[in-house]
2 protein chains.
Amino acid sequence: MDEEVLYDLAELFKMFGDSSRVRILYALFDGELNVSDLSDALSMTQSAVSHQLRILKQGKLVKARREGKSMYYSLADDHVRIIMDAGLEHVTEE
Amino acid sequence: MDEEVLYDLAELFKMFGDSSRVRILYALFDGELNVSDLSDALSMTQSAVSHQLRILKQGKLVKARREGKSMYYSLADDHVRIIMDAGLEHVTEE
DNA sequence: TGAACATATGAACAGTTATTCATCTGTTCA
DNA sequence: TGAACAGATGAATAACTGTTCATATGTTCA
């Protein structure tokens, strides 16, 4: 196994290794949301949400689209769901 | 979704969010290894490996068994592999 | 028992990171 | 154009984390 792949893998999991980001991603499971929707839903400041969205976007886990003044964010692809589901199964197993 | 579950999920992914731990886990894919095997294979100090193994053990991702002076570590269950495979698919996709 | 080996662990340090605050950019609409 | 709204961003701070170093614990065997 290439060392670089394992490095990238750790970088990927780092994205999911913060509860704010996990909550954001989970909130996007049902579809796209804009920044203020997310702030409200998660009781986070607009700035904190925006900072985390930038990280998630850099990591290609979410994508953004502008609609007027708002930016709507959604999950970038199915992998996000697959990875989170794999983790959820571990966490919720009894 | 229970907030606590998402918190636990982030805690789980934190385990995978460090390249030393990911390398250790991947090294254990082929079967159990003791601490010095791991140190040698990964070019890490014994102490660093041991510290990370403690974290992985607390997170129930690895289990340990003593054999004489050595401690043999192995993956705790299939979820570890499943989660890493899910991540690897994302990372190695082109 | 005591030497040698394998691993664990605590303290300290350096590097990283999430949040907050203040401010800036971008968009709409009157 | 300018006010109002939505979001982005840089700097600062506090908290967290991985590694190293030194040392302790645990095991074997002569």
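Everything numeric here is computed off the predicted structure, so don't read it as measured data. Below, chain A is the first sequence line, B the second, and so on; all start at residue 1. Quick note: numbers below take in every heavy atom, side chains included, and nothing from hydrogens, waters or symmetry partners.
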Protein and nucleotides 26-30 of chain C: nitrogen or oxygen contacts under 3.5 angstrom:
none

Can you name the atoms? Protein N/O to nucleotides 18-22 of chain C N/O, anything below 3.5 Å, with the distance.
from, atom 1, to, atom 2, distance (Å)
C:dA18, OP1, A:Arg21, NH1, 3.0
C:dA18, OP1, A:Arg21, NH2, 2.8
C:dA18, OP2, A:Arg21, NH1, 3.4
C:dT19, OP1, A:Ser20, OG, 2.5
C:dT19, OP2, A:Gln52, NE2, 3.0
C:dT20, OP2, A:Thr45, OG1, 3.4
C:dT20, O4, A:His51, NE2, 3.2
C:dC21, N4, A:Ser47, OG, 2.6

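By the ring pair (Phe, Tyr, Trp, His ring centres under 6.0 Å) test, A:Tyr72 is found to be paired with no residue, residues two or more places apart in sequence or in another chain being considered. Among residues two or more places apart in sequence or in another chain, the salt bridge (charged side-chain N to carboxylate O under 4.0 Å, His left out) test is passed with A:Glu67 by A:Arg65. Checked against side chain to side chain contact (heavy atoms under 4.5 Å, CB included), A:Asp85 has the following partners two or more places apart in sequence or in another chain: A:Phe29, A:Arg81, A:Leu88. Shown here are the side chain to side chain contact (heavy atoms under 4.5 Å, CB included) partners of A:Ala64, two or more places apart in sequence or in another chain: A:Lys57, A:Met71, A:Tyr73. B:Ser74 meets the side chain to side chain contact (heavy atoms under 4.5 Å, CB included) test with B:Glu32, B:Lys63; sequence neighbours excluded.
Straight-line distance from the CD1 atom of A:Ile24 to the P atom of D:dA8: 11 Å, rounded to whole Å. Whole-Å rounding puts the A:Leu53 CG to D:dA6 C1' distance at 13 Å. Counting to the nearest Å, the C1' atom of D:dG7 and the OH atom of A:Tyr72 are 13 Å from each other. Straight-line distance from the CZ atom of A:Arg65 to the P atom of D:dG7: 12 Å, rounded to whole Å. Per the geometry, CG belonging to A:Leu56 stands 16 Å off C1' belonging to D:dG7, to the nearest Å. Distance, A:Met15 CE to C:dT17 C1': 12 Å, rounded to whole Å.
Considering CD1 of A:Ile24 and CD1 of A:Ile55, their distance stands at 9.0 Å, rounded to 0.5 Å. Remark: B:Leu33 CG to B:Ser39 OG distance equals 10.5 Å, nearest 0.5 Å. Atoms CD1 and CD1, from B:Ile83 and A:Ile83 in turn, are 10.0 Å apart once rounded to the nearest 0.5 Å. Atom OG of A:Ser20 sits about 11.5 Å away from atom CG of A:Leu38, to the nearest 0.5 Å.
Side-chain atoms of A:His90 and B:Leu61, non-hydrogen and from C-beta on, do get closer than 4.5 Å to each other.
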Using residues 2-17 of chain B as the side-chain source, report each donor-acceptor pair under 3.5 Å to any protein atom, sequence neighbours left out, with the distance given to one decimal.
from, atom 1, to, atom 2, distance (Å)
B:Asp2, OD1, B:Glu4, N, 3.2
B:Glu3, OE1, A:Arg23, NE, 2.7
B:Glu11, OE2, B:Lys14, NZ, 2.9

Using atom types as modelled, flag every donor-acceptor pair under 3.5 Å from a side chain in residues 44-54 of chain B to any protein atom, sequence neighbours excluded.
from, atom 1, to, atom 2, distance (Å)
B:Thr45, OG1, B:Ala48, N, 3.0
B:His51, ND1, B:Arg54, NH2, 3.4
B:Gln52, OE1, B:Arg21, NH1, 2.7

Residue pair B:Asp77, A:Glu93: steps toward the side-chain contact (heavy atoms from CB on, under 4.5 Å) verdict: CA-CA 12 Å; B:Asp77 63 48; A:Glu93 90 175 334; 4.2 Å; yes

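Nucleic acid contact class of B:Ser50 (heavy atoms, under 4.0 Å, all strands): base. Residue B:Tyr73 is classed as a sugar-phosphate contact, given heavy-atom separations below 4.0 Å to backbone atoms only.
The overall bend of the helix from C:dT1-D:dA30 to C:dA30-D:dT1, read as the angle between its terminal helix axes built from five base pairs each, is 20° when rounded to 10 degrees.
If you check residues 31-39 of chain A against DNA chain C, you find no residue with a heavy atom closer than 4.0 Å.
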